[in-house]
Amino acid sequence: MASERTPSPATALIAPEALQVAVAALLAWYDAERRDLPWRQTRDPYRIWLSEVLLQQTQVATALPYYARLVERYPTVEALAASDLNELLALWQGLGYYARARSLRRAAQQIVAQHGGRLPQDYEALLALPGIGEYTAGAVLSIAFGLPTPAIDGNVRRVLARLFDLAKDLRTPEMQRWLTMASLAMLPPERAGDYNQAMMELGASLCRPRDAACGACPLRQACLAHDRGTASDRPVRPPRRQTPTHERVAAHCLDNDRLLIVRRLPSGLLGGLWELPNFALPPNAAPTAALQMALAPHAPDALPGEELTLVRHAYTHFSVRVHVLACTLTGFVPSGEWDACHWLALDELERYGLTGVALKAMRQGPWLAPRLL
DNA sequence: AAAGCGGGGGC
DNA sequence: GCCCCAGCTTT
């Protein structure tokens, strides 16, 4: 039975026998070269799930320290389900895509409530959980449970685009289905988890976006792009737009060595994270006047002073330049894009998840900068 | 089907 | 500066 393969458009491009030989070479390569990663030293589906969420849009080296801290603090699904969101966001600080943390926590709560604290061993049930899409469901099922389910991430898309010399935009649903069919045709049922991880590891180490190391690739003999010399043109990318830069102004308010921070609404950009009160700076407006006017609804007595520092920060689709002004005020009423405020003491710093801009403003400003030396 | 969502790292 | 990364959700 293992020799039977699901009929696939992929086998029209590469013969099934050649594909099987290539997969065998891939697995042999993986057995010899696989990295020793912490989530490869466990069979705990919870930890494998946690690692997969951390690795969404995140490189392995970046995820490693976060994985260690999260496993330490939340060793079980139950512990994560009972976690405090502010504390979780603080542990997540700097990783980005903070909706992952909120979804992870909600999913843990659903797993406790609906699945007895165990991850469901079922594709549809996994997909129904917050933060789990096709990739993560396939990764958990194959790696943790050994089920023959594809797991197609950016690495796998690139490897397949080259192996089959695909010239179309892979992000369309049509091509996503094509890649799923191709993966099913290649996937060895007895080593599903290893196959998926091998494809990802190949994309991360040899079949890189640039400078692919085709000479060492276990798939070289079957690879159509290598044969045709098109590997560096695969996968094709749609053109990108240029990103705008926004000017903003922020209030650096101290009271008895405590710094005023405000919390963003729970959803949307940087949801649930803490930051300095900050506002758009209209073109040609004076930062001092603009800040005082914008602060008025929250703090009528606010009095902005000198500019302490300028923070530059780049997001994916835009950049900001934030003028950070010293400011005095007696109180702050959160509303609009904020739902809470707090006077932060130095020894509380690690308990609050802060935005990258807030962190830079603190490090560059007079409150924190002198104590970092 | 397309857009929103972060920050780090390589070059 | 641009590109990419073990993607998911919302509209």
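Here is the naming used below: chain letters follow the sequence lines, and residue numbers restart at 1 for every chain. All figures in this text were calculated on a predicted structure; none of them were measured in a lab. Atoms considered below: every heavy atom in the structure, side chains included; atoms not considered: hydrogens, waters and symmetry mates.
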J.: I need the minimum non-hydrogen distance between A:L354 and A:Q93, along with the two atoms involved.
T.: N-OE1, 2.7 Å
J.: Which value, in whole Å, describes the distance between the C1' atoms of nucleotides C:dA6 and B:dC11?
T.: 22 Å
J.: Assign each of A:L37 and A:L129 to its nearest nucleotide of DNA chain C by heavy atoms, then name whichever residue's nucleotide is nearer the 5' end.
T.: A:L37
J.: Do any of residues 141-168 of chain A sit with a heavy atom less than 4.0 Å from DNA chain C, and if so which?
T.: A:D153, A:G154, A:N155, A:R158
J.: Which is the 5'-most and which the 3'-most nucleotide of DNA chain C that has an atom under 4.0 Å from a heavy atom of chain A?
T.: C:dC3 to C:dT9
J.: Could you state the CG-P distance from A:L270 to B:dG4, rounded to the nearest angstrom?
T.: 15 Å
J.: What distance separates A:W343 CH2 from A:N256 CG, expressed to the nearest 0.5 Å?
T.: 9.5 Å
J.: Can you list the residues that meet the salt bridge (Lys or Arg N to Asp or Glu O under 4.0 Å) rule with A:R237, with sequence neighbours excluded?
T.: none
J.: On DNA chain C, check which nucleotide each of A:I132 and A:W39 is closest to and give me the residue with the more 5' one.
T.: A:W39
J.: Assigning hydrophobic clusters by single linkage (Ile, Leu, Val, Met, Phe, Trp, Tyr; side-chain heavy-atom cutoff under 4.5 Å), is A:L202 placed with A:L55?
T.: no
J.: With sequence neighbours left out, what residues match A:D227 under side-chain hydrogen bond (donor to acceptor under 3.5 Å, both in side chains)?
T.: none
J.: Salt bridge (Lys or Arg N to Asp or Glu O under 4.0 Å) with A:E201: which residues, sequence neighbours excluded?
T.: A:R35, A:R40
J.: Using a heavy-atom cut-off of under 4.0 Å over every strand shown, decide if A:Y135 touches base, sugar-phosphate, or nothing.
T.: base
J.: Using the P atoms only, state how far C:dT10 lies from B:dG6, rounded to an integer number of Å.
T.: 14 Å
J.: Do we see a donor-acceptor contact under 3.5 Å between the side chains of A:T58 and A:R100?
T.: yes
J.: Which pairs count as side chain to side chain donor-acceptor pair (under 3.5 Å) when at least one residue sits in residues 206-220 of chain A, sequence neighbours excluded?
T.: none
J.: Applying ring pair (Phe, Tyr, Trp, His ring centres under 6.0 Å), which residue pairs with at least one partner in residues 268-304 of chain A are found, sequence neighbours left out?
T.: A:W274-A:Y352, A:F279-A:W338, A:H298-A:F332, A:H298-A:W338
J.: Measure from NZ on A:K360 to P on B:dG6 and round the result to the nearest Å.
T.: 15 Å
J.: Indicate if A:V357 and A:L291 have the same hydrophobic cluster label, given that clusters are the connected sets of ILVMFWY residues with side-chain heavy-atom separations under 4.5 angstrom.
T.: no
J.: Select base, sugar-phosphate, or nothing to describe what A:R237 touches, counting heavy atoms under 4.0 Å on all strands.
T.: sugar-phosphate
J.: Which ranges of DNA chain B pair up as stems, where a stem means three or more consecutive Watson-Crick or G-U pairs with both distances under 3.5 Å?
T.: B:1-5 with C:7-11, B:7-11 with C:1-5
J.: If I compare all heavy atoms of A:M175 with all of A:D169, which pair ends up nearest, and what's the gap?
T.: CG-O, 3.4 Å
J.: Taking ring pair (Phe, Tyr, Trp, His ring centres under 6.0 Å) as the cut-off, I'd like each qualifying pair that reaches into residues 40-73 of chain A, sequence neighbours left out, listed once.
T.: A:W39-A:Y67
J.: Given atom CD of A:Q176 and atom P of B:dA1, what is their separation to the nearest angstrom?
T.: 12 Å
J.: Going by salt bridge (Lys or Arg N to Asp or Glu O under 4.0 Å), name the residues that satisfy it together with A:R162, two or more places apart in sequence or in a different chain.
T.: none
J.: Which comes earlier along DNA chain B counting from the 5' end, the contact point of A:L273 or that of A:P173, where each point is its nearest nucleotide?
T.: A:P173
J.: Would you mind classifying the nucleic acid contact of A:T172 as base, sugar-phosphate or nothing, using non-hydrogen atoms under 4.0 angstrom?
T.: nothing
J.: Please evaluate residues A:Y315 and A:H313 with respect to the criterion ring-ring contact (aromatic ring centres under 6.0 Å, His included), reporting the C-alpha separation (whole Å), side-chain torsions for both, the decisive distance (0.1 Å), and the verdict.
T.: CA-CA 7 Å; A:Y315 297 90; A:H313 193 75; 4.9 Å; yes
J.: Using a cut-off of strictly less than 4.0 Å, decide whether A:H313 has a side-chain nitrogen or oxygen near OP1 or OP2 of B:dG7.
T.: yes
J.: Side-chain heavy atoms nearer than 4.5 Å, only ILVMFWY residues, links allowed to pass through others: does that put A:M186 and A:L147 together?
T.: no
J.: Whole-Å distance between B:dA2 P and A:H317 NE2?
T.: 14 Å
J.: For the residue pair A:T309 and A:A361, what are the closest heavy atoms and their distance?
T.: CG2-O, 4.5 Å
J.: Tell me which residues in residues 47-66 of chain A lie within less than 4.0 Å of DNA chain C, going by non-hydrogen atoms.
T.: A:E52, A:L55, A:Q56, A:Q57, A:Q59
J.: Contact list please: residues 79-112 of chain A against DNA chain B, heavy atoms, distance less than 4.0 Å, in numerical order.
T.: A:G94, A:L95, A:G96, A:Y97, A:Y98
J.: Can you confirm whether the side chains of A:Q56 and A:Y135 place a donor and an acceptor under 3.5 Å from each other?
T.: no
